[in-house]
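Naming convention: chains lettered A, B, ... in sequence-line order (proteins, then strands); numbering from 1 in each chain. Worth knowing before you read on, the calculation uses all heavy atoms, side chains too, and leaves out hydrogens, waters and symmetry mates.
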Protein chains: 2
Amino acid sequence: MAVASEFPLGRVDVALTPRERFAEFLQARGKRVTRQRQVIVDHVARRHEHFDAEQLLAELRGTPEGARASRPTVYRTLAEMVDAGLLKKMVLDGRAVYEHDYGYPQHDHLYCTGCRTLIEFTSDEVTQICNAVASRHQFRAQSHRLLVSGLCDRCRTSKSRARHQDRI
Amino acid sequence: MAVASEFPLGRVDVALTPRERFAEFLQARGKRVTRQRQVIVDHVARRHEHFDAEQLLAELRGTPEGARASRPTVYRTLAEMVDAGLLKKMVLDGRAVYEHDYGYPQHDHLYCTGCRTLIEFTSDEVTQICNAVASRHQFRAQSHRLLVSGLCDRCRTSKSRARHQDRI
DNA sequence: TTGTCTGCAAACACTTTGCACTTTT
DNA sequence: AAAAGTGCAAAGTGTTTGCAGACAA
(Lines give C-alpha, C1' and ligand atoms only; values in the text may rest on other atoms or scores of the structure.)
Protein backbone atom coordinates (compact mmCIF):
# COMPACT_ATOMS: atom_id res chain seq x y z
CA MET A 1 0.00 0.00 0.00
CA ALA A 2 1.42 3.29 -1.08
CA VAL A 3 0.76 6.53 0.71
CA ALA A 4 1.36 9.93 -0.77
CA SER A 5 4.26 12.13 0.19
CA GLU A 6 4.04 13.85 3.50
CA PHE A 7 5.86 16.92 4.73
CA PRO A 8 5.70 19.59 7.37
CA LEU A 9 3.10 22.10 6.32
CA GLY A 10 3.98 25.73 6.06
CA ARG A 11 3.34 28.92 4.24
CA VAL A 12 3.67 28.67 0.49
CA ASP A 13 4.63 31.64 -1.63
CA VAL A 14 1.66 33.74 -2.52
CA ALA A 15 1.29 37.08 -4.19
CA LEU A 16 -0.72 39.00 -1.63
CA THR A 17 -0.73 39.20 2.13
CA PRO A 18 -3.90 37.92 3.78
CA ARG A 19 -4.82 41.50 4.57
CA GLU A 20 -4.49 42.54 0.95
CA ARG A 21 -6.34 39.57 -0.32
CA PHE A 22 -9.18 40.19 2.09
CA ALA A 23 -9.39 43.84 1.09
CA GLU A 24 -9.57 42.76 -2.53
CA PHE A 25 -12.35 40.35 -1.73
CA LEU A 26 -14.31 42.95 0.20
CA GLN A 27 -14.01 45.53 -2.53
CA ALA A 28 -15.10 43.06 -5.16
CA ARG A 29 -18.25 42.56 -3.14
CA GLY A 30 -18.93 46.18 -2.40
CA LYS A 31 -18.11 45.62 1.23
CA ARG A 32 -16.07 48.01 3.30
CA VAL A 33 -12.58 47.71 4.65
CA THR A 34 -13.22 48.57 8.26
CA ARG A 35 -10.86 48.81 11.18
CA GLN A 36 -12.42 45.75 12.79
CA ARG A 37 -12.06 43.60 9.71
CA GLN A 38 -8.42 44.56 9.42
CA VAL A 39 -7.77 43.89 13.07
CA ILE A 40 -9.25 40.44 12.69
CA VAL A 41 -7.41 39.43 9.49
CA ASP A 42 -4.14 40.67 10.87
CA HIS A 43 -4.57 38.89 14.14
CA VAL A 44 -5.58 35.67 12.46
CA ALA A 45 -2.68 35.89 10.03
CA ARG A 46 -0.30 36.06 12.96
CA ARG A 47 -1.67 32.89 14.52
CA HIS A 48 -0.63 29.62 13.01
CA GLU A 49 -2.64 27.06 14.89
CA HIS A 50 -6.26 26.05 14.76
CA PHE A 51 -8.62 28.28 16.72
CA ASP A 52 -12.25 28.95 17.34
CA ALA A 53 -14.28 32.15 17.47
CA GLU A 54 -14.35 32.49 21.25
CA GLN A 55 -10.61 31.98 21.49
CA LEU A 56 -10.01 34.69 18.95
CA LEU A 57 -12.42 36.97 20.75
CA ALA A 58 -10.64 36.40 24.05
CA GLU A 59 -7.30 37.18 22.47
CA LEU A 60 -8.59 40.40 21.01
CA ARG A 61 -9.89 41.39 24.42
CA GLY A 62 -6.29 41.40 25.58
CA THR A 63 -5.18 43.92 22.97
CA PRO A 64 -5.27 47.73 23.10
CA GLU A 65 -8.65 49.37 22.96
CA GLY A 66 -8.64 50.25 19.28
CA ALA A 67 -7.72 46.74 18.17
CA ARG A 68 -10.80 44.93 19.36
CA ALA A 69 -14.03 43.74 17.86
CA SER A 70 -17.28 42.54 19.29
CA ARG A 71 -18.49 38.96 19.29
CA PRO A 72 -20.97 39.42 16.41
CA THR A 73 -18.31 41.12 14.33
CA VAL A 74 -15.84 38.33 14.97
CA TYR A 75 -18.37 35.73 13.88
CA ARG A 76 -19.40 37.74 10.84
CA THR A 77 -15.83 38.37 9.79
CA LEU A 78 -14.74 34.76 10.19
CA ALA A 79 -17.55 33.75 7.88
CA GLU A 80 -16.38 36.32 5.35
CA MET A 81 -12.83 35.07 5.58
CA VAL A 82 -14.08 31.58 4.81
CA ASP A 83 -15.90 32.97 1.78
CA ALA A 84 -12.76 34.79 0.78
CA GLY A 85 -10.80 31.54 0.85
CA LEU A 86 -8.54 32.73 3.66
CA LEU A 87 -9.81 30.30 6.24
CA LYS A 88 -11.19 26.84 6.33
CA LYS A 89 -13.83 25.90 8.82
CA MET A 90 -14.47 22.52 10.38
CA VAL A 91 -16.71 21.41 13.20
CA LEU A 92 -15.15 19.54 16.09
CA ASP A 93 -16.71 18.71 19.42
CA GLY A 94 -19.69 20.78 18.47
CA ARG A 95 -17.95 24.05 17.75
CA ALA A 96 -16.43 25.58 14.65
CA VAL A 97 -12.65 25.47 14.36
CA TYR A 98 -10.72 27.52 11.81
CA GLU A 99 -7.39 27.11 10.11
CA HIS A 100 -5.53 28.92 7.36
CA ASP A 101 -6.47 28.05 3.85
CA TYR A 102 -4.79 30.76 1.81
CA GLY A 103 -1.35 29.71 0.68
CA TYR A 104 -1.52 26.37 2.45
CA PRO A 105 -1.64 23.01 0.73
CA GLN A 106 -4.72 20.80 1.04
CA HIS A 107 -4.32 18.48 3.98
CA ASP A 108 -6.22 16.33 6.44
CA HIS A 109 -6.03 15.71 10.17
CA LEU A 110 -5.27 13.26 12.87
CA TYR A 111 -7.29 14.07 15.97
CA CYS A 112 -6.30 12.86 19.39
CA THR A 113 -9.47 12.30 21.38
CA GLY A 114 -7.43 12.40 24.56
CA CYS A 115 -5.79 15.82 24.40
CA ARG A 116 -7.86 17.13 21.49
CA THR A 117 -4.80 17.92 19.44
CA LEU A 118 -5.02 18.19 15.69
CA ILE A 119 -2.09 17.08 13.57
CA GLU A 120 -1.98 17.81 9.88
CA PHE A 121 -0.96 15.43 7.16
CA THR A 122 -1.20 15.37 3.40
CA SER A 123 -2.13 12.53 1.12
CA ASP A 124 -2.67 12.86 -2.59
CA GLU A 125 -4.16 9.42 -2.62
CA VAL A 126 -7.06 10.53 -0.50
CA THR A 127 -7.94 13.18 -3.02
CA GLN A 128 -7.69 10.70 -5.86
CA ILE A 129 -10.00 8.29 -4.10
CA CYS A 130 -12.49 11.07 -3.47
CA ASN A 131 -12.58 12.00 -7.11
CA ALA A 132 -12.94 8.43 -8.23
CA VAL A 133 -15.79 7.75 -5.85
CA ALA A 134 -17.50 11.00 -6.72
CA SER A 135 -17.45 10.46 -10.45
CA ARG A 136 -18.84 6.98 -9.95
CA HIS A 137 -21.86 8.62 -8.34
CA GLN A 138 -22.24 11.44 -10.86
CA PHE A 139 -21.03 13.76 -8.13
CA ARG A 140 -18.84 16.76 -8.59
CA ALA A 141 -16.53 16.64 -5.60
CA GLN A 142 -15.71 20.12 -4.35
CA SER A 143 -13.79 19.23 -1.25
CA HIS A 144 -13.28 16.53 1.27
CA ARG A 145 -12.60 16.27 4.91
CA LEU A 146 -10.82 13.30 6.41
CA LEU A 147 -10.45 13.08 10.14
CA VAL A 148 -8.60 10.14 11.60
CA SER A 149 -9.28 10.00 15.29
CA GLY A 150 -7.49 8.00 17.88
CA LEU A 151 -4.94 8.44 20.61
CA CYS A 152 -1.56 10.04 20.37
CA ASP A 153 1.43 8.39 21.91
CA ARG A 154 1.27 10.40 25.12
CA CYS A 155 -2.42 9.89 25.72
CA ARG A 156 -2.22 6.19 24.96
CA THR A 157 0.40 5.61 27.62
CA SER A 158 -0.85 8.08 30.23
CA LYS A 159 -3.52 7.26 32.77
CA SER A 160 -5.85 10.07 31.81
CA ARG A 161 -7.57 8.27 29.01
CA ALA A 162 -9.65 9.70 26.24
CA ARG A 163 -13.03 11.13 27.01
CA HIS A 164 -14.83 12.71 24.13
CA GLN A 165 -14.63 9.84 21.68
CA ASP A 166 -18.23 10.20 20.60
CA ARG A 167 -18.16 13.76 19.44
CA ILE A 168 -16.35 13.61 16.13
CA MET B 1 -5.19 4.53 -9.17
CA ALA B 2 -7.01 1.65 -7.62
CA VAL B 3 -10.11 2.08 -5.52
CA ALA B 4 -11.49 -0.52 -3.20
CA SER B 5 -14.59 -2.56 -3.92
CA GLU B 6 -17.87 -0.80 -3.52
CA PHE B 7 -21.31 -2.28 -3.00
CA PRO B 8 -24.76 -1.34 -1.83
CA LEU B 9 -24.72 -1.28 1.93
CA GLY B 10 -27.19 -3.34 3.88
CA ARG B 11 -27.74 -5.33 6.99
CA VAL B 12 -25.14 -7.99 7.60
CA ASP B 13 -25.88 -11.16 9.53
CA VAL B 14 -25.59 -10.64 13.23
CA ALA B 15 -26.47 -12.77 16.21
CA LEU B 16 -28.79 -10.47 18.13
CA THR B 17 -31.50 -8.01 17.19
CA PRO B 18 -30.72 -4.40 18.03
CA ARG B 19 -33.25 -4.59 20.84
CA GLU B 20 -31.56 -7.62 22.34
CA ARG B 21 -28.14 -6.18 21.98
CA PHE B 22 -29.22 -2.98 23.65
CA ALA B 23 -30.80 -4.88 26.55
CA GLU B 24 -27.58 -6.78 26.97
CA PHE B 25 -25.62 -3.56 27.02
CA LEU B 26 -27.94 -1.98 29.56
CA GLN B 27 -27.83 -4.95 31.88
CA ALA B 28 -24.07 -5.10 31.71
CA ARG B 29 -24.05 -1.51 32.95
CA GLY B 30 -26.65 -1.92 35.65
CA LYS B 31 -29.06 0.20 33.65
CA ARG B 32 -32.72 -0.63 33.27
CA VAL B 33 -34.67 -1.87 30.30
CA THR B 34 -37.46 0.64 30.27
CA ARG B 35 -40.44 1.00 27.99
CA GLN B 36 -39.03 4.23 26.54
CA ARG B 37 -35.65 2.75 25.74
CA GLN B 38 -37.31 -0.15 23.96
CA VAL B 39 -39.60 2.11 22.03
CA ILE B 40 -36.61 4.09 20.84
CA VAL B 41 -34.40 1.14 19.82
CA ASP B 42 -37.26 -0.51 18.01
CA HIS B 43 -38.19 2.63 16.17
CA VAL B 44 -34.62 3.34 15.18
CA ALA B 45 -34.10 -0.24 14.03
CA ARG B 46 -37.04 0.14 11.67
CA ARG B 47 -35.59 3.26 10.06
CA HIS B 48 -32.82 2.77 7.60
CA GLU B 49 -31.76 6.26 6.73
CA HIS B 50 -29.78 8.89 8.56
CA PHE B 51 -31.73 10.90 11.10
CA ASP B 52 -31.33 13.43 13.89
CA ALA B 53 -32.81 13.62 17.37
CA GLU B 54 -35.58 16.08 16.56
CA GLN B 55 -36.71 14.02 13.58
CA LEU B 56 -36.91 10.93 15.71
CA LEU B 57 -38.79 12.83 18.37
CA ALA B 58 -41.28 14.11 15.82
CA GLU B 59 -41.86 10.62 14.49
CA LEU B 60 -42.48 9.26 17.97
CA ARG B 61 -45.02 12.03 18.52
CA GLY B 62 -47.06 10.48 15.75
CA THR B 63 -47.26 7.06 17.42
CA PRO B 64 -49.78 5.79 19.99
CA GLU B 65 -49.61 7.28 23.46
CA GLY B 66 -47.65 4.47 25.10
CA ALA B 67 -44.95 4.44 22.43
CA ARG B 68 -43.53 7.89 22.99
CA ALA B 69 -40.63 9.40 24.84
CA SER B 70 -39.74 12.92 25.84
CA ARG B 71 -37.02 15.02 24.29
CA PRO B 72 -34.52 14.52 27.12
CA THR B 73 -35.07 10.78 27.04
CA VAL B 74 -34.55 10.65 23.30
CA TYR B 75 -31.27 12.53 23.59
CA ARG B 76 -30.14 10.41 26.52
CA THR B 77 -31.03 7.16 24.80
CA LEU B 78 -29.36 8.07 21.52
CA ALA B 79 -26.15 8.69 23.45
CA GLU B 80 -26.49 5.28 25.07
CA MET B 81 -27.05 3.62 21.73
CA VAL B 82 -23.86 5.20 20.47
CA ASP B 83 -22.05 3.81 23.53
CA ALA B 84 -23.63 0.44 22.87
CA GLY B 85 -22.25 0.43 19.34
CA LEU B 86 -25.71 0.43 17.77
CA LEU B 87 -25.47 3.88 16.27
CA LYS B 88 -22.81 6.12 14.87
CA LYS B 89 -23.00 9.83 15.34
CA MET B 90 -21.68 12.55 13.08
CA VAL B 91 -22.14 16.28 13.06
CA LEU B 92 -23.45 17.91 9.92
CA ASP B 93 -24.67 21.46 9.47
CA GLY B 94 -24.39 21.99 13.16
CA ARG B 95 -26.54 19.16 14.39
CA ALA B 96 -25.91 15.53 15.25
CA VAL B 97 -26.93 12.95 12.66
CA TYR B 98 -27.16 9.24 13.45
CA GLU B 99 -26.89 6.10 11.38
CA HIS B 100 -26.81 2.38 12.09
CA ASP B 101 -23.52 0.96 13.16
CA TYR B 102 -24.44 -2.50 14.40
CA GLY B 103 -24.20 -5.08 11.64
CA TYR B 104 -23.21 -2.54 9.02
CA PRO B 105 -19.84 -2.39 7.32
CA GLN B 106 -17.58 0.62 7.83
CA HIS B 107 -18.22 3.21 5.16
CA ASP B 108 -17.85 6.86 4.31
CA HIS B 109 -20.07 9.48 2.73
CA LEU B 110 -20.62 11.73 -0.21
CA TYR B 111 -22.55 14.82 0.86
CA CYS B 112 -24.46 16.95 -1.58
CA THR B 113 -24.33 20.53 -0.34
CA GLY B 114 -27.29 21.36 -2.54
CA CYS B 115 -29.94 18.93 -1.33
CA ARG B 116 -28.06 17.79 1.76
CA THR B 117 -28.26 14.15 0.78
CA LEU B 118 -25.79 11.65 2.16
CA ILE B 119 -24.66 8.75 -0.01
CA GLU B 120 -22.64 5.92 1.46
CA PHE B 121 -19.62 4.30 -0.09
CA THR B 122 -16.93 1.94 1.08
CA SER B 123 -13.24 2.05 0.42
CA ASP B 124 -10.71 -0.24 2.05
CA GLU B 125 -7.98 1.97 0.73
CA VAL B 126 -9.10 4.85 2.88
CA THR B 127 -8.75 2.72 5.97
CA GLN B 128 -5.34 1.57 4.92
CA ILE B 129 -4.18 5.11 4.37
CA CYS B 130 -5.49 6.11 7.77
CA ASN B 131 -3.57 3.36 9.46
CA ALA B 132 -0.39 4.15 7.61
CA VAL B 133 -0.57 7.83 8.44
CA ALA B 134 -1.45 7.12 12.05
CA SER B 135 1.44 4.78 12.66
CA ARG B 136 3.79 7.29 11.12
CA HIS B 137 2.74 9.70 13.84
CA GLN B 138 2.78 7.22 16.70
CA PHE B 139 -0.97 7.43 16.70
CA ARG B 140 -3.36 4.63 17.35
CA ALA B 141 -6.17 5.20 14.87
CA GLN B 142 -9.51 4.23 16.32
CA SER B 143 -11.76 5.41 13.56
CA HIS B 144 -11.94 7.79 10.69
CA ARG B 145 -14.50 9.92 9.03
CA LEU B 146 -14.26 10.89 5.40
CA LEU B 147 -16.81 13.26 3.98
CA VAL B 148 -16.59 14.16 0.32
CA SER B 149 -18.77 17.14 -0.34
CA GLY B 150 -19.90 18.49 -3.64
CA LEU B 151 -22.94 18.56 -5.83
CA CYS B 152 -25.00 15.64 -6.99
CA ASP B 153 -26.08 15.37 -10.59
CA ARG B 154 -29.49 16.92 -10.01
CA CYS B 155 -28.25 19.86 -7.98
CA ARG B 156 -25.45 20.57 -10.41
CA THR B 157 -27.84 20.94 -13.33
CA SER B 158 -30.72 22.60 -11.52
CA LYS B 159 -30.99 26.34 -10.99
CA SER B 160 -31.31 26.14 -7.23
CA ARG B 161 -27.64 25.99 -6.51
CA ALA B 162 -25.96 24.91 -3.35
CA ARG B 163 -26.19 27.09 -0.32
CA HIS B 164 -24.62 25.72 2.81
CA GLN B 165 -21.21 24.93 1.42
CA ASP B 166 -19.38 26.35 4.41
CA ARG B 167 -20.93 24.26 7.11
CA ILE B 168 -19.22 20.93 6.71
C1' DT C 1 -24.39 61.82 1.77
C1' DT C 2 -25.34 57.24 1.29
C1' DG C 3 -25.36 52.90 2.39
C1' DT C 4 -22.68 49.57 5.01
C1' DC C 5 -20.97 48.13 9.53
C1' DT C 6 -20.82 47.83 14.36
C1' DG C 7 -22.19 46.64 18.96
C1' DC C 8 -25.69 45.81 22.06
C1' DA C 9 -29.08 42.92 23.64
C1' DA C 10 -32.13 39.56 22.50
C1' DA C 11 -33.17 35.56 19.90
C1' DC C 12 -31.72 31.12 18.12
C1' DA C 13 -31.21 25.94 17.49
C1' DC C 14 -29.74 22.14 19.51
C1' DT C 15 -28.68 19.83 23.61
C1' DT C 16 -28.17 19.11 28.60
C1' DT C 17 -29.51 19.44 33.49
C1' DG C 18 -32.02 19.90 38.24
C1' DC C 19 -35.51 17.96 40.43
C1' DA C 20 -39.90 15.74 42.03
C1' DC C 21 -42.25 11.85 40.64
C1' DT C 22 -42.58 7.18 38.43
C1' DT C 23 -40.88 2.77 37.29
C1' DT C 24 -37.92 -1.26 37.07
C1' DT C 25 -35.48 -4.55 39.68
C1' DA D 1 -37.85 -0.80 49.25
C1' DA D 2 -34.01 0.84 46.77
C1' DA D 3 -32.03 2.54 42.78
C1' DA D 4 -32.40 4.27 38.39
C1' DG D 5 -35.28 6.60 34.83
C1' DT D 6 -38.61 9.93 33.23
C1' DG D 7 -40.58 14.37 32.01
C1' DC D 8 -41.04 19.04 32.77
C1' DA D 9 -39.21 23.37 32.72
C1' DA D 10 -35.18 25.82 32.87
C1' DA D 11 -30.42 26.44 31.85
C1' DG D 12 -26.45 25.94 28.61
C1' DT D 13 -23.53 26.55 24.56
C1' DG D 14 -22.16 28.29 20.41
C1' DT D 15 -23.89 31.25 17.02
C1' DT D 16 -27.05 34.58 14.67
C1' DT D 17 -30.11 38.63 14.20
C1' DG D 18 -32.82 43.25 14.67
C1' DC D 19 -31.88 47.65 15.11
C1' DA D 20 -30.06 52.41 16.32
C1' DG D 21 -26.11 54.80 16.13
C1' DA D 22 -21.19 55.00 13.90
C1' DC D 23 -18.42 55.11 9.98
C1' DA D 24 -16.21 54.12 5.20
C1' DA D 25 -16.74 55.39 0.48
Side-chain angles (χ1 to χ4, degrees), chain A residues 19 22-41 50-58 60-61 63 65-84 87 89-98 116 163-164 166-168, chain B residues 19 22-41 50-58 60-61 63 65-84 87 89-98 116 163-164 166-168:
Chain A
R19 183 192 189 124
F22 195 40
E24 202 174 58
F25 166 86
L26 292 171
Q27 280 154 9
R29 299 246 188 151
K31 294 176 168 224
R32 292 171 181 176
V33 179
T34 63
R35 179 181 56 73
Q36 289 87 333
R37 295 209 250 236
Q38 306 215 81
V39 160
I40 294 172
V41 216
H50 304 82
F51 66 93
D52 67 34
E54 295 297 325
Q55 245 165 46
L56 173 55
L57 188 60
L60 290 178
R61 289 257 160 76
T63 65
E65 171 64 45
R68 301 184 194 167
S70 67
R71 173 172 285 111
T73 298
V74 164
Y75 277 92
R76 285 187 279 236
T77 305
L78 286 175
E80 290 164 349
M81 291 179 68
V82 170
D83 277 359
L87 291 179
K89 174 182 180 178
M90 81 185 98
V91 178
L92 225 50
D93 286 315
R95 84 221 192 277
V97 174
Y98 299 86
R116 300 185 172 202
R163 269 122 220 158
H164 328 277
D166 51 347
R167 298 196 117 221
I168 312 182
Chain B
R19 184 192 188 126
F22 195 39
E24 201 174 59
F25 166 86
L26 292 171
Q27 280 154 9
R29 299 245 187 152
K31 294 178 168 221
R32 293 170 182 178
V33 179
T34 64
R35 179 180 56 72
Q36 290 87 332
R37 295 210 249 237
Q38 306 216 78
V39 160
I40 294 172
V41 215
H50 304 82
F51 64 94
D52 66 35
E54 295 297 324
Q55 245 165 45
L56 174 55
L57 188 61
L60 290 178
R61 289 256 160 76
T63 65
E65 171 64 44
R68 301 183 195 168
S70 67
R71 173 173 286 112
T73 298
V74 165
Y75 277 91
R76 285 187 279 235
T77 305
L78 286 175
E80 290 164 348
M81 291 179 67
V82 170
D83 277 358
L87 291 179
K89 175 182 180 177
M90 80 185 96
V91 177
L92 226 50
D93 286 315
R95 84 222 191 278
V97 173
Y98 299 87
R116 300 186 172 200
R163 268 122 219 159
H164 328 278
D166 52 346
R167 300 196 115 222
I168 312 183

Colleague: Give the rounded distance in Å between these two atoms: CG of A/L26 and P of C/dC5.
Modeller: 8 Å
Colleague: Take atom CD of B/Q55 and atom P of C/dC14, then tell me their distance rounded to the nearest Å.
Modeller: 11 Å
Colleague: Between P on D/dA4 and NZ on B/K31, what's the gap in Å once rounded to a whole number?
Modeller: 11 Å
Colleague: Would one find a side-chain N or O of B/S70 under 4.0 angstrom from OP1 or OP2 of D/dT6?
Modeller: no
Colleague: Please confirm whether the shortest side-chain N or O distance from B/Y75 to OP1 or OP2 of C/dT16 is below 4.0 Å.
Modeller: no
Colleague: Please pick, from D/dG5, C/dA9, D/dG14, the nucleotide with the shortest atom-to-atom distance to any side-chain atom of A/P72.
Modeller: C/dA9
Colleague: So which nucleotide from D/dT15, C/dT15, C/dC5 ends up closest to the side chain of A/R37?
Modeller: C/dC5
Colleague: Of B/R71 and B/Q27, whose nearest nucleotide on DNA chain C comes first from the 5' end?
Modeller: B/R71
Colleague: At under 4.0 Å, does any side-chain N or O of B/Q36 touch on OP1 or OP2 of C/dT23?
Modeller: no
Colleague: Given atom CG of B/L57 and atom P of D/dC8, what is their separation to the nearest angstrom?
Modeller: 11 Å
Colleague: Distance check needed: C/dT15 P versus A/R95 CZ, whole Å only.
Modeller: 17 Å
Colleague: Check the interface with nucleotides 19-24 of chain D: list each N/O to N/O pair with the protein under 3.5 Å, or write none.
Modeller:
| unit_1 | atom_1 | unit_2 | atom_2 | d |
| --- | --- | --- | --- | --- |
| D/dA24 | N3 | A/R32 | NH1 | 3.2 |

Colleague: Whole Å only: how far is the NZ atom of A/K89 from the C1' atom of D/dG14?
Modeller: 11 Å
Colleague: Do B/E54 and B/R95 have side chains that get closer than 4.5 Å, going by heavy atoms?
Modeller: no
